[in-house]
Every structure is written in structure tokens, then in C-alpha cells.
Amino acid sequence: GVAAGAAAGTASAVRGAAAKLGASFSGLTKSRPRPAPRSGAPRPQQNGGPQRQRPPGARPAGARPAGQRPAAAIPGGQAGRKAQLGLARIEPISVLKFSFLLSLAAWIILFVGVAIMYFMLAKLGVFGKIEHTVHLVTSGKGSSGSNAADWFSASRVLGYTMLVGTINVFLITALSTVGAVLYNLIASLTGGIEVTLKETD
């Protein structure tokens, strides 16, 4: 009986020592709670870096001001901008130079076109047939008929073309210059013509 009691006491002492040893190891491995951050100190971000403080009233990057609409997107990936402008004045001297050169170029094109067409028709014999038809229609018993050869001569056709082209040059130049002066007078009262310009790709 005495040996059994001694063995039981020894076993209980060993269990008590093992329990104390386990409690000490569990206290070492247990994670301690982090202290609360003090007021005014920047809180760390999730990735570990400090958070930057923005000055009062500053907007974050990429933010749009209040009330501003986004620009219309264009296929190129850029934003197309529009500007409304007014044509307030036209310089009459510049209009005179431009209209003169433009009408002169049109006169040269007209003269060259008429000359090429005339020589092509003459080569095909169109004027000869017309002259023959006019002679048959106007000829009679007492008259030999009209001679239409003078009507379609090269000197007459090209001469009239040069005359008409010269008159057009002066008329177009004068009318364009007068139109510019009249526009300036009207634009001083109404503000001119408004145009909208758009930025392209």
C-alpha cells in the first residue's frame, strides 16, 4: 500500500511539472497584440509603405474638376477639341490679289480648253459640215448663200475667247474686292460669320 501511494504521488508530480512546462512554451509562442497608433501619426498602407498626405483642397490624381465634362473621344485615342471663332474682317488687298490670280488661272484654263476643242473639231471635219449645211440652207435662185467659213475661223474663235476671258478677269477681281469691303462694313455691325473648328487626328 505504501509503494502504490508513493508511485501515485510521483506520477501526479510529473504531470504537474509537464503542465507547467507546456504553459511556459505556449506563452512564448503566442503572438502579442500590436500597440494602437498614436494620434497624428500616418497609418501604414497595406503594402507596407507610408501614406502620403495631400494638402487641403487638393484633388487626387486623375480627378476631374466639378462641373467639367469629359472631352469627346475620337478614334485615334486622343480628345477632339472644338473652338468657335468669328470672322471679323477680310483684308480687301489680299482678296484683290487672290481673286486676280484665281481668275487669271481660270482664263488660261478656258483658253487652252477652247483651243484644244476647236482643233479637235476641225480635225474631225465638223466645221466643214456645218459650213456646207449653212450654204445649202441660205442659197437660192438669186443668191449664192452665206459663207460660214468666217464664222468658225481659228482667229475669230480664239480672239473671242481671249476677249471674254479678259473681261471675266476684271469682273471677278472687282466684284470680289467690293464684296470684301461690304463684308467688313456688315461685320462691324453684326459681328461677322461664326465658324466652329475641330481638332483632327
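As a basis for the values below, the full set of heavy atoms in this structure was taken, side chains included, without hydrogen atoms, waters or symmetry mates.
To the nearest 0.5 Å, atom OH of residue Tyr160 and atom OG of residue Ser155 are 10.0 Å apart. For the atom pair Ser103 OG and Leu175 CG, the distance stands at 10.5 Å (nearest 0.5 Å). Note that CG of Asn168 and OG1 of Thr173 are 10.0 Å apart. Values are rounded to the nearest 0.5 Å. The NZ atom of Lys82 sits 7.5 Å away from the OG1 atom of Thr196 when rounded to the nearest 0.5 Å. Atoms CE and CG, from Met117 and Leu121 in turn, are 7.0 Å apart once rounded to the nearest 0.5 Å. Rounded to the nearest 0.5 angstrom, Glu199 CD and Arg81 CZ are separated by 4.5 Å.
One N or O on the side chain of Tyr183 and one on the backbone of Ile193 form a donor-acceptor pair closer than 3.5 Å. Checked by atom type and distance alone, the side chain of Ser94 pairs as donor or acceptor with a backbone atom of Glu91 at under 3.5 Å.
For the pair Trp107 and Met162, the tightest heavy-atom approach, listed with the atom from each and the gap, is NE1-O, 3.3 Å. The heavy-atom pair separating Ala187 from Ala88 by the smallest distance is CB-O, 3.3 Å.
Hydrophobic cluster membership is shared by Leu158 and Val112, with clusters built from Ile, Leu, Val, Met, Phe, Trp and Tyr side chains linked at under 4.5 angstrom. Under the 4.5 Å side-chain contact rule for hydrophobic residues, Val178 and Val95 do not share a cluster. In this structure, Leu163 is a member of the same hydrophobic cluster as Leu171, with clusters built from ILVMFWY side-chain heavy atoms closer than 4.5 Å. Hydrophobic clustering (ILVMFWY, side-chain heavy atoms < 4.5 Å, transitive): Val157 and Ile130 are in one cluster. Ile172 is not connected to Leu96 by any chain of hydrophobic side-chain contacts under 4.5 Å among Ile, Leu, Val, Met, Phe, Trp and Tyr, and they are in different clusters.
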Point to revise | Residue pair Phe127, Tyr118: steps toward the ring pair (Phe, Tyr, Trp, His ring centres under 6.0 Å) verdict | key: CA-CA 9 Å; Phe127 296 124; Tyr118 175 83; 4.9 Å; yes
Review point. Does the side-chain contact (heavy atoms from CB on, under 4.5 Å) test come out yes or no for Val195 and Leu87, once each step is laid out?
Key: CA-CA 8 Å; Val195 294; Leu87 187 60; 5.8 Å; no
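With a 4.5 Å cut-off on side-chain heavy atoms, Pro92 and Asn184 count as touching.
Heavy atoms of other residues, nucleotides or ligands lying less than 6.0 angstrom from CD1 of Ile93 number 12 at most.
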